[in-house]
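Residue indices begin at 1 and follow the sequence shown.
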Amino acid sequence: MKTLYFECGMGAAGDMLMASLLELHENPYDFLQRLGKIGIPDVTVSALPSDKCGITGVHIVVKVGGREEVSHDHHEHGHTHSHGEHEHAHHHGYDRSHGHTHSHTKHTHNHDDHNHSHDHSHEHGDHSHGSYGDIEHMINHLNVSDVVKENAIEVYKLLAEAESHAHGVPVDQVHFHEVGELDAVTDIVGVCMLIEELAPDKILSSPINIGSGYVRCSHGILPVPAPATATILKGVPMYSDETKGELCTPTGAAILKHFVSVFCEMPMMTVSGIGYGMGKKDFAKANCVRAFIGESGGMDGISESVVELVCNLDDMTAEAVAYAQQLLFDEGALDVYTTPIGMKKGRSGLSLTCMCHVSDKGRMLSLVFRHTTTLGVREYVSRRYALHKKHSEVQTKYGTVKVKTSYGFGVEKSKPEYEDVAKIACENGISIQEVLDEL
């Protein structure tokens, strides 16, 4: 099975993800030419060689109106202009610019090094922000496939929802201060195009290093990860190390959240290509996203440590228990279930079990105490093995049915979504079995 795996030990940004995927492409020069002609106004794209800790890779530079637009993504990785002095020492043959020009209002944010000073100095004349509707309109008119448009819009939807949550405004009133710039559109659409052309059967990623410390933005000094990034990464395994600075950007987080099916250790796979997408700033560790592509065997599945939080309940209504269960699911629990038990004084009761990622334990524990009547919770740490999951659609003479396929550990099994099957059976006056037979 063709597998794409992202190693995010130094976080992720849109340009770094695109650069790592570009290195996996059979013809990166041709891809850059086509990317420059899809219809993003006034944009040119370059892929420049870069060296981090002795490792060679590629850094993507997007220029709007001939100027490099240093967006939220860029300043978080501390980009400075330092490519020219070592371009000759690398063997990447596609460090050229491609694009087209149109009259367009430029979005211009200049940010300083992300570790210490982030003062915004708006040196360019025009300065405006795009709404989610503006971005969606632009993407829908690009010369790319419908699949690329849908994926790019879904990534921006994650960004808009995160900004909406962070600033307390409706999604349709969100205006992107950094991530809505044209260079971010280019990064996102470029990643969507590359994934379409690389055509992996599944996309996996390591847990994400978010960095540490604080970052200065237009709203003030904020803790790492910034509120929008933290919102996007809900339910995603992340961690912080000694590296000071914001390593994972909102755009990088949204791209990974949309495309990655499982965040896990690298599975057993036969690698056919490795891509290095470089940031600009130098850290003690190589500042890059590493992408692997290759074939993974049928025995790989999910293997991870999980926490089971268990409590006994004998004084809650069925409706209240059901509400607590659904809330835990909505907040990212892996599984929530009840078991009938007999309690003291002959009372009938329930044992409520909430299974979650280790990183979510504190949040889930708080929710259990808040939304149930329990006075105590037991914790069990165990190893969880699970199959990977992917979703597809099957067209029948009655309509479209979603199908869930699970695979791993030498097993593959598929099952249609019950709601779709039941809906078709009801609308056509036929039995569920007849729909299944048609499938």
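- Side chain to side chain, R384 and S305 fail the donor-acceptor criterion of an N or O pair below 3.5 Å.
- With rounding to the nearest 0.5 angstrom, the CZ atom of F283 is 10.5 Å from the SG atom of C53.
- Under the 3.5 Å distance criterion, the side-chain polar atoms of S272 are matched with a main-chain donor or acceptor of I293.
- Not counting sequence neighbours, the partners of E379 by the salt bridge (Lys or Arg N to Asp or Glu O under 4.0 Å) test are K361.
- Put simply, the residue from T249, D187, L256 that forms a side chain to side chain contact (heavy atoms under 4.5 Å, CB included) with L17 is L256.
- In this structure a side-chain-to-backbone donor-acceptor pair under 3.5 Å is missing from S351 to T339.
- In this structure, the side chain of S46 does not engage the main chain of L48 through any donor-acceptor pair within 3.5 Å.
- At distances below 3.5 Å, not a single donor-acceptor pair connects side-chain atoms of Y214 with backbone N or O atoms of I221.
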Original post:
Could you walk me through whether K202 and S296 pass the side chain to side chain contact (heavy atoms under 4.5 Å, CB included) check?
Top reply: CA-CA 10 Å; K202 62 179 177 179; S296 60; 3.2 Å; yes
Original post:
L387 and Y407: side chain to side chain contact (heavy atoms under 4.5 Å, CB included), yes or no, with the steps?
Top reply: CA-CA 5 Å; L387 300 179; Y407 56 92; 5.9 Å; no
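- L159 is listed as a side-chain neighbour of I188, based on a closest heavy-atom distance under 4.5 Å.
- In this structure, N209 contributes its side chain and M10 its backbone to no donor-acceptor pair below 3.5 Å.
- Taking OG1 from T400 and CD from E417, the interatomic distance works out to 13.5 Å, rounded to the nearest 0.5 Å.
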